[in-house]
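A short write-up of the structure that comes next.
First listed ligand is number 1; within each ligand, the first listed atom is number 1. Every value quoted in this text rests on a predicted model; they were computed, and no experiment measured them.
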Amino acid sequence: MKRLLVTGGAGFIGANFCHYWCSTHPLDRVVVLDALTYAGNLASIAPLIDSGKLRFERGDIGERSRVAALITEEAIDTVVNFAAESHVDRSLEDPATFLRTNVLGTQALLDAARGAWGADAGRRGCRFHHVSTDEVYGSLGPGAAAFTESTPYAPNSPYAASKAAADHLVRAYSHSFGLPCSISNCSNNYGPYQFPEKLLPLCILNILEGRPLPIYGDGQQIRDWLHVSDHCRALELILAQPAASGTWNVGGSTQEPNLTVVGMVCDLVDRAFAAERSLAARFPSCPAAGGRASRTLIRHVQDRPGHDRRYAVDSTRIRERLGFAIGTPLAPGLEDTVRWYLGNEGWWRSVVSGDYRQWYARQYAGKVGA
Ligand code: NAD
Ligand code: DAU
């Protein structure tokens, strides 16, 4: 039985992880620590809180003594760190916030765990797992081999640089202080509860509301799409290994250009409207409500500065050593995701109100006439 502190558990992947973990490990203790930034949403884990399956604490990973006290009070033996600023475009506007949370926050969290667990953390079976990204490895050319665990770091955005710095700190705390740490670097996740600033939910909601779909540059940038449920299963496999197992790459083994994936989402929405007449009344601005193709909303807009062209993750290590396999391929995964946003309008309406609408207008005005 584990006692987990899940930081960033009200965000996209953290919330999915909490749902997964509480259903597959019902005897474990799960405590979520989340600052509830714009990206955190209590509604994503409310059923777990209300049913007593987890304890929620609002707080910042940078508050070292408070976090150490929480680890001690709850006798936490496993920290899973999802907490981060996660959007590349925002890191181009405001790098300092990314350094504060992703670098200094991670360092404070490492210190909190080290202080609370003491020198024999490893012997007592304690574990600090840090969730990182494939973006630390930089960008790949068209024929280049996928990132392995030994690919040199070459982060290109302030976000990626802050995640790379955090990874180095985790490694250094393990090496210098013997803190039992592991790291996973995964590719682009998609699925339920993803904040609508990210490409796929942004496109789903824009289609439903009849807004343009902003494709940066030529749309031929390649991402390695991973359904979030597969990421959660990968984390479960990794957490069952000793901390000394080190670094694990987790990819979706599905390299697709942005334009292809957005086209698939358009077609899925069109098919959903054709199959269910009530959707036209709920979303009258959606092209499909008037029998038009959602693809007509696609607009090529100014590219993201320094935009990484291609990511691809080599998952050989986790596949061969831990038996990891993709359970949700892209086509059914996207279908489930579109269905989830259609079925959870209350969730996304509550997260896209106010500040987000203003940020969206600033971000995309002049690009697509947001
Ligand atoms: P997200 O932005 O949806 O959620 C981040 C969560 O962290 C939010 O709930 C937010 O409130 C919380 N948070 C932010 N700053 C905090 C702080 N200082 N203290 C406590 N909580 C704080 O992010 P996500 O997409 O769920 O990503 C989770 C982790 O996975 C991040 O570390 C990210 O770098 C990494 N990752 C994400 C992806 C992806 O495709 N989304 C891929 C690879 C790695
Ligand atoms: O690779 C893992 C990373 O994936 C994570 O570490 C990040 O936290 C996560 O945000 C994601 O980063 P990306 O930059 O790849 O995701 P995003 O959804 O922002 O963009 C996906 C691709 O789509 C990217 O090539 C940029 C493009 N894009 C994005 C937006 C928001 C567009 O063309 N238009 C858009 O409006």
**Asked** Between the side chains of Asn81 and Thr7, is a donor N or O closer than 3.5 angstrom to an acceptor N or O?
**Response** yes
**Cation-pi, Tyr360 ring and Arg211 (6.0 angstrom, 45 degrees)** = yes
**Request:** Tell me which protein heavy atom sits closest to atom 37 (C) of ligand 1, plus the residue, atom name and distance to 0.1 Å.
**Result:** Ile13 CD1, 3.5 Å
**Fill in**
atom 28 (N) of ligand 2: closest protein heavy atom, distance to 0.1 Å, is Tyr216 CD1, 3.5 Å
**Asked** Quick check: does Asp308 get an N/O under 3.5 Å from an N/O on ligand 2?
**Response** no
**Prompt:** Which heavy atom in Arg223 sits nearest to a heavy atom in Arg309, and how many Å separate them?
**Reply:** NH1-O, 3.9 Å
**Message:** Give me the nearest non-hydrogen protein atom to atom 8 (O) of ligand 2 as residue plus atom name, then the distance to 0.1 Å.
**Reply:** Ser86 O, 2.7 Å
**Message:** Taking 4.0 Å as the limit for heavy-atom contacts, which would you say applies to Glu135 with ligand 2: side chain only, backbone only, both, or neither?
**Reply:** side chain
**Prompt:** Glu73: what forms a side-chain hydrogen bond (donor to acceptor under 3.5 Å, both in side chains) with it, not counting sequence neighbours?
**Reply:** Arg55
**Request:** Enumerate the atoms of ligand 2 whose separation from the nearest heavy atom of His87 is less than 4.0 angstrom.
**Result:** 19 (O)
**Prompt:** Can you tell me the protein heavy atom closest to atom 14 (O) of ligand 2 and the distance?
**Reply:** Arg304 NH1, 2.6 Å
**Fill in**
Ile215 heavy atoms within 4.0 Å reach ligand 2 at atoms 33 (O)
**Item:** Numbered atoms of ligand 2 (with element) below 4.0 Å of Glu197, judged on heavy atoms
**Value:** 31 (C)
